[in-house]
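Right, one structure below, let's go through it.
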Amino acid sequence: MLIGLFNDWIVVVLMMIGLYIVIAHGNLIKKLIGLTIFQTSVFIFYISMAKIDGGTAPILADGITQYSNPLPHVLILTAIVVGIATTALGLSLVVRIKESYNSIEEEEIQQQDNDEQLSTNKAEENA
Amino acid sequence: MIDIVLLSLLVVIAIAIIRMKDLFAVVMLTGIYGLLSASFFVAMDAVDVAFTEAAVGAGISTLLMLVVITMTGRKEKSTRHKPLSALFVVMLTGGLLIYGTLDMPYFGSADAPIHKHTSPRYINDSMEEIGIPNIVTSVLASYRAFDTFGEVVVIFTAGIGVLTLLCVARSQKNDEEIDSINDSMHQQHLVIRIVAKMLIPFIFLFALYVQFHGDFGPGGGFQAGVIFASAIILYAMLFGLSTARKVINQTFVQVIAALGVLLYGSVGIVSLMNGGNFLDYNVLSSNPIAGQHLGILLIEWGVGCTVASVMVVIFFNFAGRRAFQQHKKQAQDKESSAC
């Protein structure tokens, strides 16, 4: 019982660690790393489901009767490469944010936005 | 047994990532995390996935993040407020998810629902229908080719996104100045440069092997593309970006990325014209099996070209942005000292 669901529980723990980093940390790069951990936990979930006891890698060969399920492998293989491409897109947004705000901390960016909003409101009132 | 050890190590590393404030250490830990999960995938019989994760998680993603933290700074500021509410949300969600797992079939059981529907067809009939031993490649490139086409387009789009966000117009003068900076920087790493120079041809050769051997063993366009790109990135890191751009023209690489998607799509159009469904390779040749082989070979080429060139374009743009920022900073410093 305990061992049977161990992989699923680890997946939940990793997923929650990723979610926690995304919610609780203000640094944008740290947030992206949190997303990566979340993503990897989903990969581990799929690949664990594909495993069959006594099975081998799904490459056909003589004398083997039990193969692990190839379908989750296909889905995750492409997801990994798509994942790095989208992470790169996120990282390039971080680079642009750093250039315009000179900071990648969420609180400081919010602060700068608020200040700007206040000063434009004041200018409008004066006008 | 080994999978339990690997999974526990993954949790330990993830907790270390939460606690570390030095982003350089965090990025290094992410690399180790990627390598460990690749090892876990090998233990789970997912050799193709492990291959990809080792090249992407431990290789390219670590590299990209390193380039970014050189631009954004490596220290994370500590937050002032206590993240108790975040902890509460996470605990609650986690608890509910664990409650949900109690209904899951046990790990490794052969009669789980997932093994009952489509996968017996793939395992039992793919040899007759597709004619290649690696079932993962048959499913990826033939049974679910339309899905893979979508993934390739997503990768291509992400590449375009990075290009739009980070592209800098280059002037000849900038290049020369950056050249001289790079030269002085790289003079120190003579041993690494020579060793890398000897390694790079073999990395290219290995990438081509992975590309063509994907039908028979672990491998295919996605893995080969990433490995091919990593050889070019290695060259760019050791010899400077401007040297690498002279060897590999960036515009050319961008064209190749688009051509890869085009090749993939064209195979689909040709099979439509021959009277089959979109991406139905049986009609590509008089013999269905030969048609499948031809189709898989072509679309794997398309995937490989797109993945490799998008990765190279992404790295070139990040590194180019960095050089551009350095140059801007130098110009500012010069101005302020002149004043």
Side-chain angles (χ1 to χ4, degrees), chain A residues 4-10 12-14 16-17 19-21 23-24 26-27 29-30 33 36-37 40 43-44 47-53 55-61 67-71 73-74 76-78 80-82 84-89 91-96 98 104-105 107, chain B residues 4 7 10-11 14 17-18 23 26 30 37 41 44-49 52-53 56 60-61 64 68 71-72 76-77 79 83 86 90 94 97-98 101 104 106-108 110 114-115 118-119 122-123 127 133-136 139-140 144 148 151 154-155 158 161-162 165-166 222 307 310 314 321:
Chain A
L5 293 174
F6 180 77
N7 285 29
D8 293 341
W9 293 346
I10 291 283
V12 172
V13 170
L14 286 175
M16 289 307 115
I17 288 175
L19 186 62
Y20 177 80
I21 295 178
I23 300 174
N27 188 294
I29 292 189
K30 198 73 175 272
I33 289 174
T36 318
I37 291 179
T40 317
F43 298 163
I44 292 173
I47 300 297
S48 304
M49 284 201 297
K51 171 77 177 166
I52 296 179
D53 276 336
T56 57
I59 296 171
L60 297 167
Y67 297 98
S68 287
N69 193 334
L71 183 60
H73 297 183
V74 175
I76 296 311
L77 186 142
T78 51
I80 290 174
V81 184
V82 170
I84 177 67
T86 46
T87 306
L89 192 64
L91 285 172
S92 56
L93 281 171
V94 172
V95 169
R96 291 304 296 263
K98 168 77 177 177
I104 52 163
E105 301 290 334
E107 286 179 4
Chain B
I4 293 177
L7 285 174
L10 279 177
V11 173
I17 288 177
I18 297 186
L23 287 177
V26 169
T30 332
S37 44
F41 294 151
M44 293 290 106
D45 300 338
V47 276
D48 285 273
V49 182
T52 322
E53 176 68 21
V56 167
I60 294 211
S61 100
L64 283 181
V68 173
M71 285 187 269
T72 55
E76 182 193 5
K77 292 212 178 82
T79 43
V90 164
L97 282 174
I98 293 219
T101 61
M104 291 283 293
Y106 286 166
F107 172 70
I114 181 178
H115 305 305
T118 47
S119 70
Y122 296 147
I123 291 169
M127 199 57 181
N134 189 348
I135 308 176
V136 174
V139 179
L140 178 106
R144 295 184 62 90
T148 312
E151 314 270 14
V154 170
I155 294 167
V162 172
L165 283 166
L166 295 183
F222 284 97
V307 171
V310 166
I314 287 174
R321 196 76 187 182

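Numbered from 1 within each chain, the chains take letters A, B, ... in sequence-line order.
- Highest contact tally toward chain A, considering only B:Ile123, B:Val310, B:Val139, B:Thr72, is held by B:Thr72 [criterion: heavy-atom pairs under 4.5 Å].
- A 4.5 Å side-chain heavy-atom check between B:Val26 and A:Lys30 finds at least one atom pair inside the cut-off.
- No hydrogens or angles considered: nothing links the side chains of B:Thr101 and A:Asp8 as a donor-acceptor pair under 3.5 Å.
- Heavy-atom distances place the side chain of B:Ile314, and not its backbone, under 4.5 Å from chain A.
- Contact of A:Ile80 with chain B is made through backbone and side chain together, with heavy-atom distances under 4.5 Å.
- The distance from atom CG of B:Leu10 to atom CD1 of A:Ile10, rounded to the nearest 0.5 Å, is 8.0 Å.
- Of the candidates B:Val307, B:Leu64, B:Ile155, B:Leu64 is the only one forming a side chain to side chain contact (heavy atoms under 4.5 Å, CB included) with A:Ile84.
- The residue from B:Asn134, B:Asp45, B:Val136 that alone fulfils the side chain to side chain contact (heavy atoms under 4.5 Å, CB included) condition with A:Ile59 is B:Asn134.
- Proximity to chain A (any heavy atom under 4.5 Å) is shown, for B:Leu165, by both the backbone and the side chain.
- With a threshold of 4.5 angstrom between heavy atoms, A:Leu91 approaches chain B through its backbone and through its side chain.
- B:Phe107 CZ to A:Leu5 CG: the interatomic distance, rounded to the nearest 0.5 Å, is 11.0 Å.
- Counting only distance, with no hydrogens or angles, the side chain of A:Lys51 and the backbone of B:Ala46 share no donor-acceptor pair below 3.5 Å.
- With a 4.5 angstrom heavy-atom cutoff, A:Ile37 touches chain B via backbone and side-chain atoms both.
- With hydrogens and angles disregarded, a donor-acceptor distance shorter than 3.5 Å links the side chain of A:Asn69 to the backbone of B:Ile114.
- For B:Ser61, the parts lying under 4.5 angstrom from a heavy atom of chain A are both the backbone and the side chain.
- If you measure heavy-atom distances from A:Thr56 to chain B, the contacts under 4.5 Å come from the backbone alone.
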